[in-house]
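Some notes on the structure that comes next.
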Amino acid sequence: MADGGEPLRALLVTVNALLQQRRYHAALAVLKGFRNGAVYGAKIRAPHALVMTFLFKNGSLREKLKAIAQATYTHSRNLAYFVFTYKGLMALQSRLQGKKIPFHSFFAACIGGWLVFGENNPINSQIIMYLLSRILFGLSRLAVEKGYVPQPKQDPFPLVAALIWGTVLWLFEYHRQTLQPSLQSSMTYLYDDSNVWHDISDFLIYNKRSTSK
């Protein structure tokens, strides 16, 4: 009797041989990009959603777990779709023009951003804000690198830190509704809830005293 594992081994050999074919590299890179986007999105979102849900959201355990699963799925799906779209458009442009140029990256990412992250929802909003802060840092460094802005004589980071914290706390205190909900929750916990206590239990052990029935 033939070994039942032979068909599987033959399939693996065929697949591995296919993966080594250079002519399929661009298409396979798009597929692996989809895979990596899905995995990375899940790895990033699951622990964040777990912590934020159990710290700040009310509801039953079932509702909390459902919220965590939904947030993780949305982040994972969107990142997978974006990477797939971006890499697909990059490969297409390169094939059509015969070479890769910087505009290809910008154009492909704009299309992917519009299609995948264009909906204004909490997950997409967090991702865009995450990227925006890093873009501002990156553009600032590029401006110095290219000579558009003089090299600072002193490290500007302390001033940047001071201005950012000053601005965000001013917004929190006087224009709270302009801040993203999860940031509002975090700051409420840090700055508002620390003003209220009744005894040692909700001063040192718990944030808020349980409501007596």
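Note that the numbering runs from 1 along the sequence shown for the chain. Model, not experiment: these values are computed from the prediction.
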Taken in chain and number order and not counting sequence neighbours, the residues that satisfy side chain to side chain donor-acceptor pair (under 3.5 Å) with Asp199 are Ser201
Step by step, would you call His75 with Ile44 a side chain to side chain contact (heavy atoms under 4.5 Å, CB included)? CA-CA 8 Å; His75 194 145; Ile44 292 296; 4.0 Å; yes
Those residues at least two apart in sequence (or on a different chain) that pass side chain to side chain donor-acceptor pair (under 3.5 Å) with Gln180 are Ser182
Going by chain and number, the hydrophobic cluster around Leu50 (ILVMFWY, side chain to side chain under 4.5 Å) further includes Phe54, Leu61, Leu65, Ile68
Closest heavy-atom pair, Ser194 versus Trp197, reported as atoms and distance to 0.1 Å, is O-CZ3, 3.5 Å
Of all heavy-atom pairs linking Ala26 and Ala91, the shortest is CB-CB, 4.2 Å
Smallest heavy-atom separation, Thr85 atom then Gly112 atom, equals CG2-CA, 3.9 Å
Separation between NZ (Lys43) and CG (Asn36), nearest 0.5 Å, reads 9.0 Å
One should read off an interatomic distance between Ile128 CD1 and Leu132 CG, to the nearest 0.5 angstrom, of 8.5 Å
Exercise for review: Kindly confirm or rule out a cation-pi arrangement of Arg134 over Tyr130, judged by NZ or CZ under 6.0 Å from the six-membered ring centre and within 45° of its axis?
Suggested key: yes
**Report entry** Same apolar cluster: Leu183 and Phe172, side chain cutoff 4.5 Å
**Finding:** yes
- Check: Val168 and Met187 side chains under 4.5 Å, non-hydrogen atoms: yes
Value for CD (Gln177) from CG (Leu171), rounded to nearest 0.5 Å, stands at 9.0 Å
Worksheet item: Can we say Arg9 and Glu6 salt-bridge, meaning some charged N sits less than 4.0 Å from an Asp/Glu carboxylate O?
Response: yes
Checklist entry - Donor-acceptor pair, Glu63 side chain versus Ser60 backbone, under 3.5 Å? => result yes
The reported gap from CG in Leu79 to CZ in Phe34 (rounded to nearest 0.5 angstrom) is 10.5 Å
Rounding to 0.5 Å, atoms CG (Leu190) and CG (Asn207) come to a distance of 9.5 Å
Side-chain donor-acceptor contacts of residues 145-154 below 3.5 Å, not counting sequence neighbours, with atom names and distances?
none

**Message:** Pair Tyr191, Leu169 - check side chain to side chain contact (heavy atoms under 4.5 Å, CB included), show working.
**Reply:** CA-CA 10 Å; Tyr191 304 110; Leu169 265 299; 3.9 Å; yes
Under 4.5 Å between side-chain heavy atoms, hopping through other hydrophobics if needed: is there a path connecting Tyr81 to Ile127?
yes
Nearest heavy-atom contact between Leu89 and Ala108 is CB-CB, 3.7 Å
Using a 4.5 Å side-chain heavy-atom cut-off and chaining through intermediate ILVMFWY residues, the residues clustered with Phe137 come out as Phe157, Val160, Ile164
Between Asn124 (side chain) and Asn120 (backbone), is there a donor-acceptor pair under 3.5 Å?
-> no
### Message
If hydrophobic clusters are built from ILVMFWY residues whose side chains come within less than 4.5 Å, do Leu179 and Leu55 share one?
### Response
yes
Counting only N and O atoms by type, is there a donor-acceptor contact under 3.5 Å from the side chain of Ser185 to the main-chain atoms of Pro181?
yes
For Asp192 and Arg176 the tightest heavy-atom approach is OD2-NH1, 2.7 Å
Note to self: Is there a continuous path of hydrophobic side-chain contacts, each under 4.5 Å between heavy atoms, that joins Val116 to Tyr86?
What the structure shows: yes
Q.
Are Leu28 and Val13 linked, directly or through intermediate hydrophobic residues, by side-chain heavy-atom contacts shorter than 4.5 Å (ILVMFWY only)?
A. no
Atom CZ of residue position Phe84 - does it have more than 12 heavy atoms of other residues, nucleotides or ligands inside 6.0 Å? no
Report yes if the side chains of Lys208 and His198 come closer than 4.5 Å at any heavy-atom pair, otherwise no.
-> no
In short, ring pair (Phe, Tyr, Trp, His ring centres under 6.0 Å) pairs touching residues 92-121 with sequence neighbours left out are Phe82-Phe117, Phe103-Phe107
CZ of Arg77 to OG1 of Thr72, rounded to nearest 0.5 Å, is 12.5 Å
*Carefully, step by step, assess Arg35 and Val83 under the rule side chain to side chain contact (heavy atoms under 4.5 Å, CB included).*
CA-CA 9 Å; Arg35 177 263 180 201; Val83 177; over 6 Å; no
Nearest heavy-atom contact between Ala71 and Ile123 is CB-CD1, 3.9 Å
Practice item. For Gln184 and Thr188, test the side chains for any donor-to-acceptor distance below 3.5 angstrom and give the result as yes or no. Key: no
Open item on the list: If you apply the rule side chain to side chain contact (heavy atoms under 4.5 Å, CB included), what do you find for Trp170 with His175, and how did you get there?
Closed with: CA-CA 7 Å; Trp170 172 73; His175 305 281; 3.6 Å; yes
